[in-house]
Structures are given as C-alpha cells and as structure tokens.
Amino acid sequence: QVQLVESGGGLVQPGGSLRLSCTASGKIFSIYSMGWYRQAPGKRRELVAGVTIGTNANYADSVKGRFTISRDIDLNTVYLQMNDVRPEDTGVYYCTADHIRTSEGDNLPVAWGQGTQVTVSS
C-alpha cells in the first residue's frame with residue numbers, strides 16, 4: 001500500500017510562484033522516479049516534470065526555465081517549484097511515483113496522488 005499526498009496548490013497571479021510538495025507513504029523501500037503531471041480542462045494529462053533516483057530530471061518544453069523539480073529521497077518527497085507562472089499552467093497537478101519497491105519485496109509500477117489545483121489568474 002502506497003499513498004501520495006500533494007500540497008501547495010492554490011491561486012496565483014501570472015508571473016508569481018508556487019511550490020508544490022508530494023510525499024509518498026507506506027511500506028516503501030525505494031522509488032525509482034517521481035514526477036508531476038497536470039491536466040487542464042478539455043486537455044489530456046501531460047507530464048510536467050520528472051526526476052529519477054539518480055537526480056536526472058526532465059521537463060515539458062512549456063515549463064523549461066520556469067519550473068524546477070527536486071526530490072528528497074530520504075523523505076520520499078518530490079517538489080515542484082513553479083516560477084513565472086502563466087495562465088496556461090492552470091490545471092490539476094498530480095504527483096506520481098514510478099517503479100516502487102516495497103519493504104515486503106513487491107514491485108509496484110506506478111502510484112498516483114489525488115491532485116492539487118493550481119489556478120493562474122489575475
């Protein structure tokens with residue numbers, strides 16, 4: 001059993017900043033990668049950023065230079081620092097954990113959080 005809980009979403013003006021946090025809990029031995037997806041109304045869910053246990057990070061082209069993903073492996077926590085936000089950044093942001101190995105020896109392919117709303121508006 002693995003749970004992901006996001007926090008930090010809210011309303012922010014264009015050009016402002018937010019920091020999202022997500023913590024995974026449960027009988028976790030290791031997580032290979034964690035990341036953030038988002039889904040805007042009428043659009044498909046898209047990968048925003050991801051980071052592996054080796055700290056390799058990747059970003060959607062639309063957020064490069066503005067967002068930074070980071071991870072605290074010991075705390076099973078991933079962050080998304082969102083700077084210079086734009087209205088098109090609005091959406092529900094979902095945290096993911098991929099390739100989870102539990103302390104009981106099981107491998108779970110993916111876990112999803114419930115999402116946190118980010119609204120960029122003046």
Gap between atom [atom2] of [Y] and atom [atom1] of [X] - 0.5 Å precision:
X	Y	atom1	atom2	result
Arg71	Met34	CZ	CE	6.0 Å
Thr23	Asn76	OG1	CG	8.0 Å
Leu80	Leu18	CG	CG	9.5 Å
Asp106	Leu108	CG	CG	6.5 Å

Qualifying ring pair (Phe, Tyr, Trp, His ring centres under 6.0 Å) pairs with a residue from residues 50-79, counting only residues at least two apart or across chains: none
Under the ring pair (Phe, Tyr, Trp, His ring centres under 6.0 Å) test, residues paired with Tyr37 that sit two or more places apart: Trp112
Please examine the side chains of [Y] and [X], heavy atoms only from C-beta on, and report whether any two atoms are closer than 4.5 Å.
X	Y	result
Pro14	Pro87	yes
Glu88	Ser62	no
Val118	Met82	yes
Arg86	Arg66	yes
Trp36	Thr96	no
Thr116	Ser7	no

Smallest separation among heavy atoms of Ala57 and Ile69, with atom names: CB-CG2, 3.8 Å
Contact summary for Leu4 and Ala111, nearest pair of heavy atoms: CD1-O, 3.2 Å
Steps toward side chain to side chain contact (heavy atoms under 4.5 Å, CB included) verdict (Asp89, Arg38): CA-CA 9 Å; Asp89 295 322; Arg38 69 185 179 190; 2.9 Å; yes
Is it the case that the side chains of [Y] and [X] hold a donor-acceptor pair, with the cut-off being a distance below 3.5 Å and no angle test?
X	Y	result
Thr77	Asp72	no
Gln3	Ser25	yes
Thr119	Gln117	yes

Expected output: side-chain Glu6 to main-chain Cys95 donor-acceptor under 3.5 Å: yes
Same apolar cluster: Tyr32 and Ile73, side chain cutoff 4.5 Å: yes
Co-membership, hydrophobic cluster, residues Tyr94 and Val85, 4.5 Å side-chain: no
Side chain to side chain contact (heavy atoms under 4.5 Å, CB included) assessment of Ser17 paired with Gln81: CA-CA 7 Å; Ser17 297; Gln81 179 66 46; 4.0 Å; yes
Side chain to side chain contact (heavy atoms under 4.5 Å, CB included) evaluation trace for Thr102 with Ile28: CA-CA 4 Å; Thr102 73; Ile28 300 170; over 6 Å; no
Using a 3.5 Å cut-off and no angle test, enumerate the donor-acceptor pairs between side-chain atoms of residues 47-54 and protein atoms at least two apart in sequence or in another chain.
from: Thr52; atom 1: OG1; to: Gly54; atom 2: N; distance (Å): 3.2
from: Thr52; atom 1: OG1; to: Asn56; atom 2: N; distance (Å): 3.3

